[in-house]
Amino acid sequence: MQAIRSVMEGIERNRRLFLLVMATGTGKTRTCIALTDALMRAGHVQRVLFLVDRIALRSQALDAFKEHIPDEPRWPEPGEKSIVGNRRIYVATYPTMLNIVQSEEEALSPHFFDLIIIDESHRSIYNRYRDVLEYFHAIKLGLTATPRDVIDRNTFELFECEDGLPSFAFSYDEAIDHVPPYLCDFSVLKLQTKFQKEGISKRTISRSRVLELTGII
């Protein structure tokens, strides 16, 4: 709730750029879905773009939006390739959206989206993919567990974080210490394979398999 409140209060103050720094496993996607729902109900946004850097993450995000706000139409539906203009939730990879932005046939208006959520914003919105963010005039929300502050890829600077502070931060330690805890602490389970225990011999494995396991073939 605090993360959502921070963004909504910033929007009321006419801010357009936000950065949420949340440890892996603390619910970044779920938080953004709740924020999307709240902003749509308040009439602040109509269409939302959720940007991811892998196809697998696109599928996960689509499933999460379907689970938590099932009544909002999503793109893409199974089998859809070309973008359509009658949905409310759009989930796309960076290459897909860059191709749409640069396409003469499919190009969208710079005002098409009201909110753009950038997953893994510490690594995915630099170089040519930054063109996607610069093209659209929307509220932009970056998500990351590990923001970068190096000169050429400064996540804080990109989202205009005052004094290098994100809009909201929730660390792994805070998640563990929270009552009730948001995360369970973990321990490393050490396992050994049969080959690690007994070694590799000609009697247990073929030469071609040895070469394959060692990366030679």
Side-chain angles (χ1 to χ4, degrees), residues 3-20 28-29 31-55 57-58 61-62 64-66 68-77 80-144 153-162 166-168:
I4 295 171
R5 188 180 302 113
S6 297
V7 175
M8 295 194 74
E9 289 176 353
I11 291 174
E12 292 292 340
R13 298 193 302 270
N14 296 318
R15 282 191 62 85
R16 306 284 288 174
L17 296 171
F18 302 90
L19 178 65
L20 301 186
K28 292 190 294 294
T29 301
T31 297
C32 286
I33 292 173
L35 173 64
T36 296
D37 189 33
L39 290 174
M40 285 183 167
R41 291 176 183 274
H44 284 299
V45 302
Q46 295 295 318
R47 285 190 290 261
V48 174
L49 170 63
F50 193 94
L51 279 172
V52 297
D53 61 359
R54 296 194 300 277
I55 293 292
L57 294 179
R58 184 188 69 177
L62 283 167
F65 275 104
K66 182 178 181 179
H68 296 294
I69 44 177
D71 295 332
E72 299 296 350
R74 298 164 300 279
W75 181 90
E77 293 290 350
E80 287 186 320
K81 300 295 183 182
S82 299
I83 195 164
V84 296
N86 61 350
R87 310 293 165 79
R88 298 256 281 173
I89 306 294
Y90 293 76
V91 182
T93 62
Y94 295 93
T96 294
M97 191 50 57
L98 182 63
N99 289 337
I100 290 172
V101 166
Q102 295 177 341
S103 170
E104 294 183 0
E105 297 179 357
E106 290 188 311
L108 301 172
S109 163
H111 302 281
F112 186 80
F113 296 112
D114 304 296
L115 170 66
I116 299 178
I117 301 169
I118 306 103
D119 195 22
E120 303 296 348
S121 59
H122 62 283
R123 70 184 184 207
S124 302
I125 51 176
Y126 304 96
N127 301 325
R128 65 194 185 107
Y129 294 134
R130 188 165 178 171
D131 292 345
V132 174
L133 295 189
E134 292 178 346
Y135 178 81
F136 290 110
H137 302 309
I139 298 168
K140 291 156 188 162
L141 171 65
L143 302 179
T144 183
R153 292 191 174 187
N154 192 317
T155 314
F156 298 106
E157 183 179 288
L158 184 62
F159 289 95
E160 297 181 1
C161 296
E162 297 179 3
S167 308
F168 175 79

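It should be emphasised that the depicted structure is a prediction, and the values quoted were computed from it without experimental measurement.
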**Q** Using only atom types and a distance under 3.5 Å, with no angle test, would you say the side chain of Arg87 pairs donor to acceptor with the backbone of Ile89?
**A**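 It does not hold such a pair.
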
**Q** Could you pull out the closest heavy-atom pair between Asp114 and Gln46, with the gap in Å?
**A**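 Shortest heavy-atom contact: OD2-N, 2.7 Å.
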
**Q** State the OG1-CG distance between Thr93 and Asp119, to the nearest 0.5 angstrom.
**A**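 Taking OG1 in Thr93 and CG in Asp119, the distance rounds to 12.0 Å.
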
**Q** Evaluate the side-chain proximity of Met8 to Leu35: yes if any heavy-atom separation is below 4.5 Å, no if none is.
**A**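 Yes, their side chains come closer than 4.5 Å.
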
**Q** To the nearest 0.5 Å, how far apart are CG in Leu57 and CG in Leu62?
**A**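 Spacing of CG (Leu57) from CG (Leu62) equals 11.0 Å.
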
**Q** Does a side-chain heavy-atom distance below 4.5 Å link Ser82 with Glu105?
**A**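 Not in contact.
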
**Q** Under 3.5 Å, is there a donor-acceptor pair between the side chain of Arg16 and the main chain of Lys140?
**A**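 Checked: no pair found.
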
**Q** So do Phe136 and Leu108 actually touch side chain to side chain, heavy atoms under 4.5 Å?
**A**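 Counting from C-beta outward, Leu108 and Phe136 do come under 4.5 Å.
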
**Q** Determine yes or no for a side-chain-to-main-chain donor-acceptor pair under 3.5 angstrom, with Arg74 supplying the side chain and Glu72 the backbone.
**A**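 It does hold such a pair.
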
**Q** Using every non-hydrogen atom in the two residues, find where Ala64 and Thr29 come nearest and quote the distance to one decimal.
**A**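 Heavy-atom minimum between the residues: CB-CG2, 4.3 Å.
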
**Q** Passes side chain to side chain contact (heavy atoms under 4.5 Å, CB included), Asp37 versus His68? Steps please.
**A** CA-CA 9 Å; Asp37 189 33; His68 296 294; over 6 Å; no

**Q** Within the side chain of Tyr94, is there an N or O that forms a donor-acceptor pair under 3.5 Å with the backbone of Val132?
**A**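 No, the answer is negative, given that no donor and acceptor are paired below the 3.5 Å cut-off.
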
**Q** Kindly assign one of parallel, tilted or perpendicular to the pair His137 and His111, based on the angle between their ring planes and the thresholds 30° and 60°.
**A**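 The arrangement is tilted - the two ring planes meet at 30° to 60°.
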
**Q** So, for Asn86 and Pro73, which heavy atoms are closest and what is the spacing to 0.1 Å?
**A**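 Smallest interatomic distance, heavy atoms only, reads O-CG, 4.2 Å.
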
**Q** Roughly how far apart are Thr96 OG1 and Ile55 CD1, rounded to 0.5 Å?
**A**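 Answer rounded to 0.5 Å: 5.5 Å.
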
**Q** Indicate the atoms forming the closest heavy-atom contact of Leu115 with Ala138, along with that distance.
**A**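 So the two residues come closest at N-CB, 4.0 Å.
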
**Q** Would you name the heavy atoms of Trp75 and Ile100 that are closest together and state the gap between them?
**A**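 Minimum heavy-atom contact is CH2-CD1, 4.2 Å.
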
**Q** Can you check whether Met40 reaches Val48 side chain to side chain, under 4.5 Å on heavy atoms?
**A**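 Of all side-chain heavy-atom pairs linking Val48 with Met40, at least one is under 4.5 Å.
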
**Q** Do Asp131 and Val101 have side-chain heavy atoms sitting under 4.5 Å apart?
**A**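 Asp131 vs Val101: side chains apart.
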
**Q** Please verify the inter-ring angle class for Phe50 with Phe65; under 30° counts as parallel, over 60° as perpendicular, anything in between as tilted.
**A**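 Answer is perpendicular, since the angle exceeds 60°.
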
**Q** Could you state the interatomic distance from CG (Leu51) to CD1 (Ile116), rounded to the nearest 0.5 Å?
**A**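 Reported to 0.5 Å precision, the distance equals 6.5 Å.
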
**Q** For a 4.5 angstrom cut-off between non-hydrogen side-chain atoms, does Leu19 reach Thr144?
**A**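 Yes; the side chains approach each other to less than 4.5 Å.
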
**Q** Go through the steps for Val7 and Ile139 under the test side chain to side chain contact (heavy atoms under 4.5 Å, CB included), then give the verdict.
**A** CA-CA 10 Å; Val7 175; Ile139 298 168; 5.6 Å; no

**Q** Answer whether the closest heavy-atom distance between the side chains of Met97 and Leu49 falls below 4.5 Å.
**A**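 SC-SC contact between Met97 and Leu49 confirmed.
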
**Q** Are the side chain of Ser103 and the backbone N or O of Asn99 linked by a donor-acceptor pair below 3.5 Å?
**A**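 Checked: no pair found.
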
**Q** Compute both the distance and the angle, then confirm whether Arg47 meets the cation-pi test with Tyr90: under 6.0 Å from the six-membered ring centre, within 45 degrees of the axis.
**A**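 Arg47 over Tyr90 ring: no.
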
